[in-house]
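Quick notes on the structure that follows.
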Amino acid sequence: MNRTTGSRPATPPKTVTPRRARRRGPRRHTRRDLTVLCVLLGLPILLDLALVWGPTLASVALSFTTWDGVGDLHWAGLGNYADLFADYPQFWPAVRNNLLWLAALGLLATPFGLLLAVLIDRGVRFSRFYQSTLYMPVVLSLAVVGFIAQLILSRDQGALNALLGRQDHPVDWLGDPDLNIWMILLAACWRHTGYVMILYLAGLKSVDPELKEAAAIDGANERQAFFRVVLPALRPVNVIVGVITVIEALRAFDIVYAVNKGRNGLELLSVLVTDNIIGEASRIGFGSAIAVVLLLVSLGFIITYLVQELRGEQRR
């Protein structure tokens with residue numbers, strides 16, 4: 001206490017030192033978190049291994065045997081593949097038909113689906129109606145499309161012969177091996193076009209309108225703006241459409257099996273696999289060899305396409 005004034009001396013104010021912000025380390029997962037991760041990731045991985053990779057590896061192994069599904073396994077080496085390429089008359093027509101399928105879906109259905117997507121994206125009149133009508137075949141399975149093709153293309157009671165006035169001399173659209181593959185490809189393209197249209201329509205909705213405006217300011221017409229600006233922007237959609245087209249072409253089975261069980265000009269690799277594995281002959285080893293060939297062809301197309309797209313993406 002100060003004797004002259006009788007008051008206590010003022011104490012200096014306390015300086016408040018800010019606390020250091022605590023650095024948060026990596027969050028430790030609790031037992032509950034680990035359980036959820038194991039369930040959400042482990043179960044899909046196990047199902048994928050059991051339902052996809054397990055049968056795939058088993059088919060590769062069985063392709064080197066002559067197993068009939070009942071007796072003992074007998075090692076055959078490359079004998080199944082030698083018989084397949086040299087002594088199996090249905091193999092090369094099936095390969096040709098699968099390549100025709102790929103060409104039809106890739107060169108006809110895909111560009112036509114892109115054209116329809118561009119026209120609908122421009123906002124033509126009744127675009128919602130066109131979009132729903134063209135997409136409707138996609139919700140149908142290929143087996144149902146095959147039954148519809150039979151109603152239209154049947155020799156005796158088909159609608160096409162009735163429209164053409166060929167009741168007296170009807171055309172056997174599905175029985176003639178020189179015609180039936182083209183009629184079935186037309187039905188398959190009808191279904192695939194709607195699928196491609198929806199994919200490209202979604203991609204066109206995501207293209208930045210400023211890109212089109214910049215191209216128009218630079219003097220580009222609609223065709224130049226589409227091929228030089230819009231189409232390169234659809235590269236991710238092109239990859240998806242390309243992979244889906246290859247898969248749809250090489251796994252085609254339902255429609256030809258519904259028409260004539262994949263015979264008489266409609267042979268496909270998938271049909272040959274089914275006939276040899278679950279048919280009367282029950283040649284599981286030989287059918288597995290055909291399945292392996294189909295797998296390699298599919299991987300070859302898909303990997304080549306993806307590599308080309310990734311290289312194009314890196315160059316940009």
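Because the structure is predicted, anything quoted here is derived from the model rather than measured. We're numbering straight along the sequence, starting at 1.
A distance of 9.0 Å separates CG of L134 from CZ of F129, quoted to the nearest 0.5 Å.
The environment of F112 atom CZ is sparse: at most 12 non-hydrogen atoms of other residues, nucleotides or ligands sit within 6.0 angstrom.
When all heavy atoms of S63 and V60 are compared, the pair lying nearest together is OG-O, 2.6 Å. Closest non-hydrogen pair, P44 versus V39, comes out as CD-O, 3.8 Å. Contact between N97 and L266 at its shortest, heavy atoms only, is ND2-C, 3.9 Å. The two residues G287 and I277 make their nearest non-hydrogen contact at CA-CG1, 3.9 Å. Residues P55 and A50 approach most closely at CD-O, 3.2 Å, considering heavy atoms. Closest approach of R191 to L140, counting heavy atoms only: NE-O, 2.8 Å.
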Let me see the working for F64 and L78 under side chain to side chain contact (heavy atoms under 4.5 Å, CB included), right down to the final yes or no.
CA-CA 6 Å; F64 298 102; L78 298 176; 3.6 Å; yes
Stepwise side chain to side chain contact (heavy atoms under 4.5 Å, CB included) test for F147 and L151
CA-CA 6 Å; F147 292 132; L151 294 176; 5.8 Å; no
Verify side chain to side chain contact (heavy atoms under 4.5 Å, CB included) between L250 and L294, making sure each step is shown before the conclusion.
CA-CA 7 Å; L250 297 180; L294 182 58; 4.1 Å; yes
Worked verdict on W173 versus N180 for side chain to side chain donor-acceptor pair (under 3.5 Å)
CA-CA 5 Å; W173 301 103; N180 54 12; over 6 Å; no
Could you walk me through whether W75 and T66 satisfy the side chain to side chain contact (heavy atoms under 4.5 Å, CB included) test, starting with their C-alpha distance in whole Å, then the side-chain angles of each, then the deciding distance to 0.1 Å, before giving a yes or no?
CA-CA 7 Å; W75 181 257; T66 57; over 6 Å; no
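Contact annotation: the side chain of D83 never approaches that of Y88 to less than 4.5 Å [non-hydrogen atoms, C-beta and beyond]. The side-chain heavy atoms of Q131 and I198, taken from C-beta on, include a pair separated by under 4.5 Å.
Relative orientation of the F91 and F85 rings is perpendicular, given thresholds of 30° and 60° on the angle between their planes. Relative ring orientation between H192 and Y195 is described as perpendicular, the plane-to-plane angle rising above 60° on a 0-90° scale split at 30° and 60°.
The backbone N or O of L268 lies less than 3.5 Å from no partner atom in the side chain of N98, so there is not a single donor-acceptor pair. Side-chain atoms of N264 come within 3.5 Å of backbone N or O of G175 as a donor-acceptor pair. Between the side chain of T110 and the backbone N or O of L105 there is at least one donor-acceptor pair closer than 3.5 Å.
Taken together through direct or relayed side-chain contacts under 4.5 Å among Ile, Leu, Val, Met, Phe, Trp and Tyr, L107 and V95 form parts of separate hydrophobic clusters.
Residues N238 and Y200 bring a donor and an acceptor atom of their side chains to less than 3.5 Å of each other.
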